[in-house]
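For this chain, numbers begin at 1 and follow the sequence in order. All values below were derived from every heavy atom in this structure, side-chain atoms included, with hydrogens, water molecules and symmetry-related copies excluded.
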Amino acid sequence: MASSSAAAAPESGRAALLKAFDDSRTGVRGLVESGVSTVPDLFVHPDPYASVPLAPPGVSIPVVDLSLPAPLAAAVAAEAARDWGFFYLVNYEALVPSHYPGKALAAVRAFHELPAPDRATHYGRAIGGGVTYSSNVDLYSSPAASWRDTIQVMFGPTRCEAERIPQVCRSEIVEWEAHAAAVARAVMALLCEGLGLREAALEEASCLEGKLMVCHYYPVCPEPDRTMGLVPHTDPGVLTVLAQDGVGGLQVKHTNQDGESYWVDAKPVPGALVINVGDLLQIMSNDKYKSVEHRVVMNSCEEARVSVGIFFNPGKRGESVFYGPLPELATSENPPKYRSFTMSEFLGAFFKRDLASKALIEHFKL
């Protein structure tokens, strides 16, 4: 296991290396294409997998079956959101055509595996037009870079200029956003019912209107034990809908009833989406549901991993629109655990912190 890290490099030298990597405009995939046989220092994480043990055999995140009667599905979803913050969603075919999300995952892979010069024309960190392609959104602020490249597409509240999405995956990305929104609407309804709220309570709070899609590509790694695909973090929004291919690597941190914590593999399950609670939903549910840490580990698989996640957030962003625990869930017996805030304050707090920081929810606690 590596004992050195990029953070140990002189800051001026590290900054120059970061800039050179970014200026190559070809991401981590470009490093692999160049034939690297070791993980460059910028990507080395000190003992990345040593802190918390892996789960015992047989432990898995829960499954929510949309073909169940709605009250039963709502009860199962609520229990999963309360105890795990994550679950697989199966039998959602009434909402999504059979060739999705597979078609979107294949199209995203096709873009990331274009020749380097073709990808480079799209590379950049400016969010102009609502679309970016780059490596590591926190490249210049994180202690060590992670082994992934990403297309990021804003679908709301201000919708991206679709022509800025790379043509090789444009129609598939746009179509998947619409299908994933239908899934999110159904899941939010179940989670509202599980809280004893109106099915549309989260939708009425504009929680389907803010939408950010991230299309991650994790290239084959020459030294998977020295780096990470995505550092442990929680998602800031209300709900995440994730489609992943068959490679695997996603892990969820779970604390059991005895207070023991371990990482659980969220292995790819054919026909299943992965749903997780974000920080905002933990706040809005007044801690009834929980947002938990998760990460992506690298493995020795000889195929790159692809995933497409959509973060759903409130779309109403005015300075007179406040968010916090939903009024129906904050009572004299169960007082609010968080103060109210605007989305601009919430997003400002998010962008000021490092991706791995746990401080976002704490910032708004009473």
Side-chain angles (χ1 to χ4, degrees), residues 1-32 36 38-52 112 123-127 132-152 212 214-219 221-237 240 249-253 263 278-279 291-299 304-305 307 309 311 346-363:
M1 193 69 71
S3 59
S4 63
S5 79
E11 282 306 306
S12 60
R14 184 171 186 275
L17 290 171
L18 285 170
K19 186 174 187 305
F21 167 72
D22 214 22
D23 287 350
S24 74
R25 303 179 66 83
T26 57
V28 178
R29 168 76 176 174
L31 295 176
V32 174
V36 294
T38 60
V39 169
D41 286 350
L42 290 175
F43 295 85
V44 174
H45 293 245
D47 295 333
Y49 306 121
S51 59
V52 176
H112 285 286
Y123 194 94
R125 297 191 177 274
I127 195 73
T132 63
Y133 158 58
S134 65
S135 184
N136 287 256
V137 66
D138 58 346
L139 181 69
Y140 292 98
S141 60
S142 62
S146 295
W147 203 257
R148 74 178 183 280
D149 302 324
T150 305
I151 305 169
Q152 183 171 285
L212 177 67
V214 290
C215 306
H216 291 315
Y217 181 87
Y218 302 87
C221 184
E223 296 179 299
D225 62 333
R226 300 188 73 206
T227 190
M228 303 197 77
L230 196 54
V231 295
H233 67 287
T234 59
D235 291 347
T240 304
L250 176 64
Q251 294 182 337
V252 175
K253 191 176 182 181
W263 290 105
D279 294 343
S291 174
V292 302
E293 282 188 284
H294 48 288
R295 68 185 187 182
V296 174
V297 302
M298 301 309 301
N299 55 50
R305 176 179 186 264
S307 69
F311 306 117
F346 182 83
L347 293 171
F350 170 71
F351 286 116
K352 282 178 184 174
R353 89 208 221 292
D354 151 321
L355 181 61
S357 167
K358 323 294 188 304
L360 188 58
I361 279 184
E362 297 299 321
H363 184 77

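- Atom CG of D23 sits about 10.5 Å away from atom CG of L18, to the nearest 0.5 Å.
- For the pair V231/S142, no side-chain contact is recorded, criterion being any heavy-atom separation below 4.5 Å from C-beta on.
- Using a 4.5 Å cut-off on side-chain heavy atoms (C-beta onward), D22 and L139 make contact.
- For the side chain to side chain donor-acceptor pair (under 3.5 Å) with Y217, the lone residue among H112, R148, R29 that qualifies is R29.
- In terms of modelled atom types and a separation under 3.5 Å, the side chain of H45 and the main chain of A145 share a donor-acceptor contact.
- Counting heavy atoms from C-beta outward, L31 and F43 have side chains that approach closer than 4.5 Å.
- Residues that satisfy the side chain to side chain donor-acceptor pair (under 3.5 Å) test with S307, not counting sequence neighbours, are absent from this structure.
- Checked against side chain to side chain donor-acceptor pair (under 3.5 Å), S146 has no partners two or more places apart in sequence or in another chain.
- For the side chain to side chain contact (heavy atoms under 4.5 Å, CB included) with W147, the lone residue among P224, P222, S135 that qualifies is P222.
- Taking 4.5 Å as the limit, every side-chain heavy atom of E223 sits out of range of all side-chain heavy atoms of V44.
- Applying the salt bridge (charged side-chain N to carboxylate O under 4.0 Å, His left out) criterion to R295, with sequence neighbours excluded, gives no partner residue.
- Within the 4.5 Å cutoff, the side chain of H233 has heavy atoms near those of the D235 side chain.
- Nearest heavy-atom pair across V297 and Q251 is CG1-OE1, 3.3 Å.
- Atom CG of residue L360 and atom CD of residue E362 lie 9.5 Å apart, to the nearest 0.5 angstrom.
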Residue pair T150, V137: steps toward the side chain to side chain contact (heavy atoms under 4.5 Å, CB included) verdict:
CA-CA 8 Å; T150 305; V137 66; over 6 Å; no

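- Closest of all the heavy-atom pairs between F21 and V28 is CZ-N, 3.7 Å.
- The two residues S134 and R125 make their nearest non-hydrogen contact at OG-NH1, 3.7 Å.
- F346 pairs by the ring pair (Phe, Tyr, Trp, His ring centres under 6.0 Å) definition with F341, F364, not counting sequence neighbours.
- Taken from CG in D225 to CG in N299, the straight-line distance is 11.5 Å, to the nearest 0.5 Å.
- Of all non-hydrogen atoms in G124 and T132, the two that sit nearest each other are O-CB, 3.7 Å.
- Every residue was checked against the ring pair (Phe, Tyr, Trp, His ring centres under 6.0 Å) condition with H363, not counting sequence neighbours, and none meets it.
- Y123 is linked by a ring pair (Phe, Tyr, Trp, His ring centres under 6.0 Å) to Y133, counting only residues two or more places apart in sequence or in another chain.
- Contact of the I127 side chain with the Q152 side chain is registered, since non-hydrogen atoms from C-beta on lie closer than 4.5 Å.
- Interatomic distance, CZ of F311 versus CG of L212, reported as 6.5 Å (0.5 Å rounding).
- When all heavy atoms of R226 and V39 are compared, the pair lying nearest together is NH1-O, 3.8 Å.
- Taking every heavy atom of both residues into account, T234 and S291 meet most closely at CB-OG, 3.4 Å.
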